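Since this is a predicted model, take the numbers as computed values, not measurements.
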Amino acid sequence: AAALSTQYEKFEAPPQRTPFGLARVEAAGFVGRRRETQQLLRHLSGRAAHGGPRGVVVHGVGGIGKTTLVSRALDMLPAQTAFVAVETYLTRDHLLAAMRVHPTLANRLGTSSATNDLAGLLRSTLDAADRPVVFVLDNFERNIPLDGPFAQPTPQATQTLAALIEALHTTGKRHRLVITSRYVPDVPGVGELVQMPLDALGAEHIQRKIDRLQGGDPLDDAKLALIRNLARDNTRLLINLFEIARDNPRLSIDDLRGRLVSYRGDFYDRLFLDQLLAGQGEQDAALLAALAPLRIPVSALTLTRLSDP
């Protein structure tokens with residue numbers, strides 16, 4: 001159990017930092033998603049008509065590639081783009097702190113007090129910006145309490161995001177917002193953003209991903225078949241299972257199966273439990289939360305169907 005916990009923490013460690021706060025995705029390691037990448041780039045770099053969408057919400061089940069897609073698209077934006085990445089819970093203070101990383105934005109913000117109108121402050125700051133600014137809110141579901149209404153963030157996150165969207169829609173400059181989340185947040189103004197649901201990669205692209213993961217040190221057929229069967233179409237799980245198999249080359253196929261199955265269970269526990277709870281009514285969510293410590297065996301497929309909006 002200790003070894004498995006260490007293995008999970010290895011995959012959950014913070015990625016190498018980039019200007020936009022996400023792990024950089026090289027073109028050689030990026031499989032599929034060409035249409036989605038072009039669509040995302042069009043919305044993040046094009047000039048929106050007055051009152052048109054100023055941002056995108058990329059949403060879908062965890063591990064399906066939302067952050068990877070956004071990272072690849074952001075890396076293709078012009079070099080002069082300024083990125084404001086909030087890598088923690090969204091609050092007024094966290095947003096302003098992320099903006100102050102850029103000197104021109106920091107100078108305009110000055111020493112704003114909590115009594116300032118946030119939307120007005122953001123609008124005036126963005127109007128004075130000398131380059132395009134893209135706001136990046138990755139893993140936005142972290143702002144949604146498990147014991148609250150479905151897809152409704154905390155009051156601080158709701159107010160801050162609504163003010164940011166209002167500022168983006170009223171500024172005359174080409175600034176954008178991109179959000180990744182397991183589900184579309186219930187926040188005023190989010191409906192004005194482009195909604196981009198992300199589905200699993202097709203079988204052809206999954207195979208291409210496997211071929212690249214195999215590289216010059218391929219796994220044997222039995223281990224490969226085991227990993228494919230366990231990961232199905234979840235690309236994050238696929239990559240992590242490959243890493244576990246490579247890090248433990250001396251394990252027998254039976255021992256490896258036990259370790260991979262245990263890891264997959266932990267992976268889906270973390271992935272689906274909060275999503276399942278968030279989709280229930282208040283009383284049902286409380287009951288499920290109370291039962292969760294008992295680890296009642298429920299298949300990943302069942303959890304997927306229950307959490308599918």
Determine, using the 4.5 Å side-chain heavy-atom cutoff (strictly less than), whether [X] and [Y] are members of one ILVMFWY cluster.
| X | Y | result |
| --- | --- | --- |
| Val261 | Ile239 | yes |
| Leu251 | Ile253 | yes |
| Val178 | Met76 | yes |

Which residues pass the side chain to side chain contact (heavy atoms under 4.5 Å, CB included) test with Thr81, sequence neighbours left out? Leu77, Pro78, Phe83, Val134
Are the side chain of [X] and the backbone of [Y] linked by a donor-acceptor contact shorter than 3.5 Å?
| X | Y | answer |
| --- | --- | --- |
| Thr160 | Ala157 | no |
| Ser124 | Leu121 | yes |
| Asn248 | Ile244 | yes |
| Ser71 | Thr67 | no |
| Asn107 | Pro103 | yes |
| Lys173 | Ala129 | yes |
| Lys66 | Gly60 | yes |
| Arg54 | Ile165 | no |

Quick one: closest heavy-atom pair of [X] and [Y], and the distance?
| X | Y | result |
| --- | --- | --- |
| His59 | Gln195 | NE2-CB, 4.2 Å |
| Leu256 | Ala245 | CD1-CA, 4.0 Å |
| Tyr89 | Arg142 | CE2-O, 3.0 Å |
| Arg257 | Leu226 | CA-CD2, 3.7 Å |
| Ala119 | Ala167 | O-CB, 3.7 Å |
| Leu126 | His175 | O-NE2, 2.9 Å |

Verify side-chain contact (heavy atoms from CB on, under 4.5 Å) between Leu177 and Val136, making sure each step is shown before the conclusion. CA-CA 6 Å; Leu177 164 67; Val136 183; over 6 Å; no
Show, in sequence, the C-alpha distance, side-chain angles and deciding distance for Met99 and Phe135, and conclude whether the side-chain contact (heavy atoms from CB on, under 4.5 Å) test is met. CA-CA 9 Å; Met99 294 176 69; Phe135 293 85; 4.0 Å; yes
I'd like to check [X] versus [Y] (side-chain heavy atoms, cut-off strictly below 4.5 Å). Are they in contact?
| X | Y | result |
| --- | --- | --- |
| Tyr263 | Leu230 | no |
| Arg176 | Pro132 | no |
| Val70 | Leu74 | yes |
| Arg100 | Leu105 | no |
| Pro145 | Thr154 | yes |
| Val86 | Thr91 | no |
| Leu238 | Ile227 | yes |

How many angstroms lie between [atom1] in [X] and [atom2] in [Y], if you round to the nearest 0.5 Å?
| X | Y | atom1 | atom2 | value |
| --- | --- | --- | --- | --- |
| Gln38 | Leu40 | CD | CG | 11.0 Å |
| Leu41 | Arg72 | CG | CZ | 9.0 Å |
| Ile179 | Leu90 | CD1 | CG | 8.5 Å |
| Arg131 | His102 | CZ | NE2 | 8.0 Å |
| Asp75 | Thr37 | CG | OG1 | 11.5 Å |
| Ile144 | Tyr183 | CD1 | OH | 5.0 Å |

Residues in side-chain hydrogen bond (donor to acceptor under 3.5 Å, both in side chains) with Asp221, at least two apart? none
Donor + acceptor pair across side chains of Asp138, Thr180 (<3.5 Å): yes
Any chance CD of Gln39 has more than 12 other-residue heavy atoms, nucleotides or ligands included, within less than 6.0 Å? yes
Start with the C-alpha distance between Leu95 and Leu122, add both sets of side-chain angles, then the distance that settles side-chain contact (heavy atoms from CB on, under 4.5 Å), and finish with yes or no. CA-CA 10 Å; Leu95 176 61; Leu122 294 174; 4.0 Å; yes
Dump the intermediate steps for side-chain contact (heavy atoms from CB on, under 4.5 Å) on Met196 and Val57, then the final yes or no. CA-CA 6 Å; Met196 184 184 295; Val57 181; over 6 Å; no
